[in-house]
Amino acid sequence: MEMLSWEMLLFLIVVGFLAAFVDSVVGGGGLITVPALLFTGLPPALVLGTNKLSGTMCSLTSTASFMLSGKINFKLAAGLFPLSLIGSILGALLVHQIPSEFLKPLVVVLLVAVTAYTLLKKNWGAASTYKGLTARSKGWLIAGAFVIGFYDGFFGPGTGSFLIFLFLLLGFDFVGASANSKVLNLASNLGALATFFVLDSVSLAYGLPMGIAMIGGALVGTRFAIRKGASFVKPLFVVMTIILIGKQIWSLWIS
C-alpha cells in the first residue's frame with residue numbers, strides 16, 4: 001500500500017470527517033470527497049471507486065447509528081436493500097461501457113423539482129404520517145429503490161436527496177426519511193464498491209484513511225440529527241440540494 005505524507009493524511013482526515021457529518025444527515029458527501037480526492041492527484045479512474053470505499057464506511061456507520069436509535073423501519077428497509085444492491089451493481093458495470101455525462105441535465109431538473117416541492121410544502125416532513133404501504137405505494141417504492149440504486153452506481157450525484165425524497169413521499173418525517181435512506185444508500189454503495197474492486201478501481205491507501213475519518217463524522221452527524229430533529233435536517237437538506245444543483249449547472253457550463 002502506498003505511504004501517504006502526514007500533510008496528505010491530515011487533509012483526508014479533515015475532509016472525510018466534514019463530508020461524513022453532512023452525508024450522514026442528508027447525503028451529498030461526495031460533493032466534498034470527490035473534488036478532494038481529485039485534488040490529491042489520484043488518477044480520475046480511481047477516484048470514483050476510492051470514493052465508494054470511504055462512502056461505504058460512512059453509510060455503514062450511519063445505518064448502524066440510526067438503527068440503534070430506533071429510527072429505521074427494519075422490515076421495510078431490509079426488503080428494499082437487495083433492490084438497491086442489484087441496481088447499483090448493474091449501474092457500475094454499465095458506466096464502464098457508456099459515459100454517464102448525458103444524465104447531468106436531467107439530474108438538474110429533478111433536483112430543482114425536489115427542492116421546490118420541499119420548500120412549497122411548509123410543514124412537510126415535520127412529523128411522520130406513515131401508516132404503512134398501499135399496493136400502489138409499494139410498487140413505486142420497489143421501482144424507486146432499484147432505479148436510484150442503479151443511478152448511484154452509474155452516476156451518483158444527488159442519490160442521498162432522491163432517497164430522502166422517496167421516503168418523505170411515503171409520509172416519514174425528515175429524520176426517519178434520512179435514517180431509512182441510509183440503508184438503501186449502504187446497499188448501493190456496497191454494490192458499486194464490489195464492482196469497482198473487481199475492476200481494480202479502488203485505492204486503499206487513500207480510501208481507508210478517509211473512510212476511518214468518515215466513521216467519526218457519521219457518528220457525530222447522526223447523533224446531531226437525532227437530537228435536533230427535523231428542524232435541523234430539513235434546512236440542511238435544502239441547502240445541500242441547492243449546492244448540488246449549482247455544482248451540476250457549473251459542470252454543464254464548463255463542459
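As the structure is a prediction and not an experimental result, all values here were calculated from the model. Note that the numbering runs from 1 along the sequence shown for the chain.
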*Please examine the side chains of Leu133 and Leu76, heavy atoms only from C-beta on, and report whether any two atoms are closer than 4.5 Å.*
yes
*Any sub-3.5 Å donor-acceptor pair from Ser88's side-chain atoms to Ser188's backbone N or O?*
yes
_Donor-acceptor contact below 3.5 Å, side chain Asn185 vs main chain Thr159_ = no
*When rounded to the nearest 0.5 angstrom, what is the spacing between CZ in Arg136 and CG in Leu141?*
14.0 Å
_Heavy-atom closest contact (Ser24 atom, Ser178 atom, distance)_ = O-OG, 3.8 Å
*When you check the gap from the basic side-chain N to the acidic O, do Lys52 and Asp152 get nearer than 4.0 Å?*
yes
*Arg227 atom CZ, over 12 foreign heavy atoms within 6.0 Å*: yes
_Results of side chain to side chain donor-acceptor pair (under 3.5 Å) for Lys182 - residues two or more places apart only_ = none
*Is the shortest heavy-atom distance from the side chain of Trp124 to the side chain of Leu169 under 4.5 Å?*
yes
*Can you tell if the side chain of Phe174 reaches within under 4.5 Å of the side chain of Val25, non-hydrogen atoms only?*
no
_In one Ile/Leu/Val/Met/Phe/Trp/Tyr side-chain cluster, 4.5 Å: Ile32, Leu38_ = yes
*N/O donor-acceptor pair under 3.5 Å between Asp23 side chain and Ala19 backbone*: no
_Taking the side chain as everything from C-beta on, heavy atoms only, tell me whether Met57 gets closer than 4.5 Å to Ile212._
yes
_Test your reading of the model: is there a side-chain donor-acceptor pair from Ser54 to the backbone of Gly207, 3.5 Å cut-off?_
no
*Leu119 and Tyr117: same hydrophobic cluster, using ILVMFWY side-chain contacts below 4.5 Å?*
yes
_Counting C-beta onward and ignoring hydrogens, is there a side-chain heavy-atom pair between Leu37 and Leu12 closer than 4.5 Å?_
yes
*For residues Phe81 and Leu190, determine if any side-chain heavy atom of one lies less than 4.5 Å from a side-chain heavy atom of the other.*
yes
*asked:* Treating Thr50 as the side-chain partner and Ser203 as the backbone partner, does any N or O pair qualify as donor plus acceptor under 3.5 Å?
replied: yes
*Under a 4.5 Å side-chain heavy-atom rule over Ile, Leu, Val, Met, Phe, Trp and Tyr, are Leu68 and Leu219 clustered together?*
no
*Do Ser59 and Asn189 meet the criterion of a side-chain donor-acceptor pair at a distance under 3.5 Å?*
yes
*Test item: Leu244 and Gln248 side chains (from C-beta on) under 4.5 Å apart, heavy atoms*: yes
*Do the rings of Phe172 and Tyr130 sit parallel, tilted or perpendicular, given the 30° and 60° boundaries?*
parallel
*Hphob cluster co-occupancy, Val202 + Val198, side-chain heavy atoms under 4.5 angstrom*: no
*Could you tell me whether the side chain of Tyr151 and the main chain of Pro157 form a donor-acceptor pair under 3.5 Å?*
yes
*Kindly say whether Ser62 contributes a backbone atom to a donor-acceptor pair with the side chain of Ser65 at under 3.5 angstrom?*
no
*With the side chain counted from C-beta on, respond yes when Leu111 and Phe162 share a heavy-atom pair under 4.5 Å apart, and no when they do not.*
yes
*May I ask whether Ile243 and Leu110 are part of the same hydrophobic cluster, defined by side-chain heavy atoms of I, L, V, M, F, W, Y residues being less than 4.5 angstrom apart, directly or through others?*
yes
